[in-house]
Amino acid sequence: MAESEEDRHLKFSGTSDCDPSPLPTLRHSTSHVMAQAVKRLFPDVKVAIGPAIDDGFYYDFAKLEAFTPQDLEKIEAVMRDIIKADLPFERRELPRAEAITLFRQRGETFKVEILEGIDADTVSLYRQGDFEDLCRGPHVPSTGHIKAFKLLSSSGAYWRGDERNPMLQRIYGTAWQTQEDLDRYLWRLEEAKKRDHRKLGRELDLFVFHDVSPGAPFWLPKGMVLVRELERFAREAQDARGYTEISTPILVNKKLWEQSGHWEHYRTNMFTLEVEGQLYSLKPMNCPPSTFVYRHALRSYRDLPLRLSEMGRLHRNERSGTLTGLFRVRQFTQDDAHIYCRPDQMQEEIAGVLGLVREFYKVFNLEPSFRLATRPENYLGTPAQWDAAEAALHAALEANGLAYEVNAGEGAFYGPKIDIGVQDVLGRDWQIATIQLDLTMLPELFDLTYVDSDGQPKRPVAIHRAIFGSFERFIGIITEHFAGAFPTWLAPVQARVLPVSEKSSAYARTVHRRLVEARLRAELDDRNEKLGYRIREAQLQKVPYMMVVGEREAQNGTVSLRYRTGEDLGAVALDRVAADLGHEIASRTVTLTVGRS
RNA sequence: GCUGGCGUAGCUCAGGGGUAGAGCAACUGCCUUGUAAGCAGUGGGUCAGGGGUUCAAAUCCUCUCGCCAGCGCCA
C-alpha cells in the first residue's frame, strides 16, 4: 500500500510530505480554514491533525462534547467569512525547539507531541489571519482560493488511530475546484445512499437481519436466487478449469487450530463451544480442514496440481461495532479454493487463477486492479524460495497482460500474494479477491508431501484463492453497483406477465406457462389492479422485462414488451421473446437485449 | 470494543408524564382496467427487552440487546 496522505502528514519529515498537487493542496488549506473557524467558535479546543484525504479532508480536535450538525453549520458560516476576507497563507520557518516552546505556550499539546517526534532541525508554520498551524505545506496563496467546499460529518477518532489514546472529535469535509465538481461529488454521495444494499435488500426482499443473530443475514427467496446463481456461475467456471469441489466440517476440534496456529493468533475471532469435555471452534478459515483432503491419499507428482474448491461457510467473531450489512458479517460463505502444486507449476497455476478472475469480473462490468505484495521483513522459508515465488507471480501477471502495482514488503509471512480490487460504477474501490502463495505454512505445519519422480517426498506449494471473496459481501457490492437492477441472469424475477384485464388472463397464463417451462423466473401479475399500478410495482422491483398482454397480443401471439428502464418496444412475437431471453441468460449478458436482435 | 446518535404497525415516520397516530403496504368490497400509484371500508402495536421513579411512563432514570456514523480490524 502506498503511504497515505495521513501517514505523511503525521511523520512530518522531508521536504514534500504533503501531496503538492492542486486538489490535495486546496483540501489541506480548507482543513486549516476549518480549524481556524473551530478555534474562533470554540477557543478551548486543541487542534490535532488535519490532512487531505481521498475526496476531501478532515481535522481532529480535542473537545469533550461531540460536534452537532448545528455546530457544523456555524463552522461553515465562519469559514465562508474567512474565505471572503481572502487572508493570505504566510509561511515562516522556525528552529524545532522554538516551535515546541511556541506551541507549548499556546497549550497545543498535540502539536508539541508531533514536534517532539520530528526528525528535523527546522520546521515550517503557516498562518492565515489569527490562526497559525504547524504545517509542511504547500497551501493555496490565500483563503479566497477556496471556492467550493462542504462539511459532511463529525465523529470520534482516536489520536493517532490507536484505541488506547484519547478520543478526539473529527470533522470531515470536502472541497473541490469548482461548484460543479462539488455538486457532482455530493450527487455521488446521494446516489450511494440511495443504492445502499441494506435499503435495497429490504425493498427488493433479498435478505433481512434480525437481532437473534447479529452479523448473519437471513436470505429471503429472492436473495437466495442471487446466491444460487453466483454459485452456479462459479461452479461452471471452475469445472471448466479442472477444479474439483469438496466440503469440510464447520465444527472442528481445537487441536486442529493449535496445529495451524490459529489458536495462538486468531483465537479472539473464533467462536468456541464445548462438546463432551472437548473444545471445538466454528472454522474461521477453510485451509486447515482442506489439508485433510490432501492427506487422505498418498500424492504423486503426477496428481498435481490438485485444485480443490470449497464453498466454505465461515464464522468469525468480529467486534460488534464493525458489523455493517452484508459488507461485514460474522457468518459468511467464501468461494474458496486451494491449489496444491509443484514449485514448477506455480506460474501456470497463478496465471490460470488470474484468467478466472478476469472472466468473473467481466460478467459484472467490474474493473479489476492488481497489486503484488512481496516479501516482508519477517518471513518463513528461504530467500531463494521467495525469489522464485515472486518471479512466478510477476510472470503470471505479465502473461495475462495485466498492469499491476507492487507493494514491497506487504506479503504474508508465509508467501507473496496478489490482492485484487474492483472499482464499481460510482468509482468506489472494493478489495475482495486474493491469490496467496503459501510456500511453507500449510505444507510444513500439516506435513504435506508428494512423491516426486525421483521417488523422494517433496513439499507442494499451496495457493489460497477466493474470487468473489465472500458471497455476502459480493452481493452487497453488486447490489449497489447495479442499484438493484441486476442483469437478467441474476434477477430474482426475470419477467412479469401483465394481463390488461381479466379478459386476457387465459392468454397471460399461456405466456407465463411458456416462460416457466423454458426455466425462466417469470411471474404472472393478474391482480385486480390497474395496469399502471402493476407496471409501477414491477418497475420498482427492477424486474427486467414486463410483458403486457391484451386482446391484440392474444390474437397475434405476441407480447407488448416493456423494459425496466421505461423503454417500450411494442409488440414482439412470443417465440422471439423466449428465444432472446434464453440467449441473454445463457450468455450472462449484462445489458437488456430481448427484442433487439 | 470505544465515542456519539438512534430503536413507536411489514416499511417510512409523527407523538417527549394522563392510557397509541399518519402515509404506504395488507385484507374486504366496488370498478374490468392498455404502459409508473382508481375509489371506499376493515384489521393491525407488551412503543427493542429488564429494572426503577411516579397516583400515572412510549415519554424521566438505569442496565442489557440491536441498529447507524466514525476509529481500529477485515472476506
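By convention in this document, chain letters (A, B, ...) are assigned in the order of the sequence lines, proteins followed by strands, and residues within each chain are numbered from 1.
Against RNA chain B, the stretch residues 474-482 of chain A makes no heavy-atom approach under 4.0 Å.
Nucleotides B:A14 and B:G45 place their C1' atoms 15 Å apart, quoted to the nearest Å. B:C73 sits 13 Å from B:C2 when the C1' atoms are compared, rounded to a whole Å. A distance of about 37 Å separates the C1' atoms of B:U19 and B:U3, rounded to the whole Å. On the C1' atoms, B:U62 is 37 Å away from B:G43, given to the nearest whole Å.
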Every protein N/O lying under 3.5 Å from an N/O of nucleotides 36-42 of chain B:
| unit_1 | atom_1 | unit_2 | atom_2 | d |
| --- | --- | --- | --- | --- |
| B:A36 | N7 | A:Q539 | NE2 | 3.1 |
| B:A36 | N7 | A:R562 | NH2 | 3.4 |
| B:A36 | N6 | A:Q539 | NE2 | 2.9 |
| B:A37 | N7 | A:R536 | NE | 3.1 |
| B:A37 | N7 | A:R536 | NH2 | 3.2 |
| B:A37 | N6 | A:R536 | NH2 | 2.6 |
| B:A37 | N1 | A:R536 | NH1 | 3.3 |

Could you list, one pair per line, each protein nitrogen or oxygen that sits under 3.5 Å from a nitrogen or oxygen of nucleotides 12-14 of chain B, together with the distance?
| unit_1 | atom_1 | unit_2 | atom_2 | d |
| --- | --- | --- | --- | --- |
| B:U12 | OP1 | A:R202 | NH2 | 3.1 |

Within the sub-3.5 Å range, which N or O atoms of nucleotides 64-70 of chain B have a protein N or O partner, and how far apart are they?
| unit_1 | atom_1 | unit_2 | atom_2 | d |
| --- | --- | --- | --- | --- |
| B:C68 | OP1 | A:R198 | NH1 | 3.0 |
| B:A69 | OP1 | A:R198 | NH1 | 3.4 |
| B:A69 | OP1 | A:R198 | NH2 | 2.8 |
| B:A69 | OP2 | A:R198 | NH1 | 3.3 |
| B:G70 | O4' | A:S155 | OG | 3.2 |
| B:G70 | O3' | A:Y172 | OH | 3.1 |
| B:G70 | O2' | A:S155 | OG | 2.9 |
| B:G70 | O2' | A:G156 | O | 3.1 |

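Using the six-membered ring where Trp is involved, A:F327 and A:H197 have ring planes that are tilted, between 30° and 60° apart. Taking the six-membered ring for Trp and thresholds of 30 and 60 degrees, A:Y414 and A:H464 have ring planes inclined between 30 and 60 degrees apart. Ring geometry, A:F360 versus A:F233: the interplanar angle falls from 30° to 60°, so the pair is classed tilted.
Nucleotide B:U53 has no partner under the Watson-Crick or G-U criteria, as no pair reaches both atom distances under 3.5 Å. With both pairing distances under 3.5 Å, B:C67 is matched to B:G5 as a Watson-Crick or G-U wobble pair. Searching all strands for a Watson-Crick or G-U wobble partner of B:U19 with both distances below 3.5 Å returns nothing. Look at B:A75: it lacks any Watson-Crick or wobble partner with both distances under 3.5 angstrom. Pair assignment for B:A58: none, as no Watson-Crick or G-U wobble contacts are both less than 3.5 Å. Partner assigned to B:C30 is B:G38, using Watson-Crick or G-U wobble distances below 3.5 angstrom. The pairing partner recorded for B:C24 is B:G10, the criterion being a Watson-Crick or G-U wobble arrangement whose two distances lie under 3.5 angstrom.
In this structure, the side chain to side chain contact (heavy atoms under 4.5 Å, CB included) partners of A:A508, at least two apart in sequence or on a different chain, are A:V497, A:P499, A:L524, A:V549. For A:N269, the side-chain hydrogen bond (donor to acceptor under 3.5 Å, both in side chains) criterion is met by no residue, not counting sequence neighbours. Remark: A:R228 pairs with A:M224 by the side chain to side chain contact (heavy atoms under 4.5 Å, CB included) rule, at least two apart or across chains. A:E367 pairs by the side-chain hydrogen bond (donor to acceptor under 3.5 Å, both in side chains) definition with nothing, not counting sequence neighbours. Legend: residues meeting side-chain hydrogen bond (donor to acceptor under 3.5 Å, both in side chains) with A:R509, ordered by chain and number and at least two apart, are absent. For A:N365, the side chain to side chain contact (heavy atoms under 4.5 Å, CB included) partners are A:H481, A:V590, not counting sequence neighbours. Residues satisfying the side chain to side chain contact (heavy atoms under 4.5 Å, CB included) criterion with A:S560, sequence neighbours excluded, are A:V548, A:E553, A:D568.
Nucleic acid contact class of A:E551 (heavy atoms, under 4.0 Å, all strands): base. The residue A:E318 sits close to a base: some heavy atom pair falls under 4.0 Å.
Where A:Q331 and A:V500 each meet RNA chain B at their nearest nucleotide, the meeting point lying more 5' is that of A:V500. Comparing A:R527 and A:R552 along RNA chain B, the residue whose closest nucleotide (by nearest heavy atom) sits nearer the 5' end is A:R527.
B:G16: glycosidic angle within 90° of 0, hence syn.
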### Steps toward ring pair (Phe, Tyr, Trp, His ring centres under 6.0 Å) verdict (A:F474, A:F364)
CA-CA 11 Å; A:F474 192 75; A:F364 302 93; 5.0 Å; yes
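Nucleotide B:C2 holds its P atom 16 Å from the CD atom of A:Q169, rounded to whole Å. Summarising the geometry, the separation between CZ on A:R267 and C1' on B:C73 is reported as 19 Å, rounded to the nearest angstrom. One atom, OH of A:Y266, and another, C1' of B:C73, lie 9 Å apart when rounded to the nearest Å. Protein atom CG of A:L168 is 14 Å distant from nucleotide atom C1' of B:G72, rounded to whole Å. Distance, A:Q70 CD to B:G4 P: 17 Å, rounded to whole Å.
With hydrogens and angles ignored, a donor-acceptor pair under 3.5 angstrom links the side chain of A:E553 to the base of B:G34. Evaluation of atom-type donor-acceptor distances gives a pair under 3.5 Å for the side chain of A:R473 against the base of B:C74. A donor-acceptor contact under 3.5 Å links the side chain of A:R328 to the base of B:C73.
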Would you mind writing out the side-chain donor-acceptor pairs for residues 207-216 of chain A within the sub-3.5 Å range, not counting sequence neighbours?
| unit_1 | atom_1 | unit_2 | atom_2 | d |
| --- | --- | --- | --- | --- |
| A:H210 | ND1 | A:V212 | N | 3.3 |

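Look at A:D162 and A:R160 and you find no salt bridge, because none of the NZ, NE, NH1 or NH2 atoms lies under 4.0 Å from a carboxylate O. Using a cut-off of 4.0 Å between Lys/Arg side-chain N and Asp/Glu carboxylate O, A:E229 and A:R232 are scored as salt-bridged.
Between A:F61 and A:F42, a ring centre-to-centre spacing not shorter than 6.0 Å is recorded.
Within the 4.5 Å cutoff, side-chain heavy atoms of A:L426 are placed close to those of A:R195.
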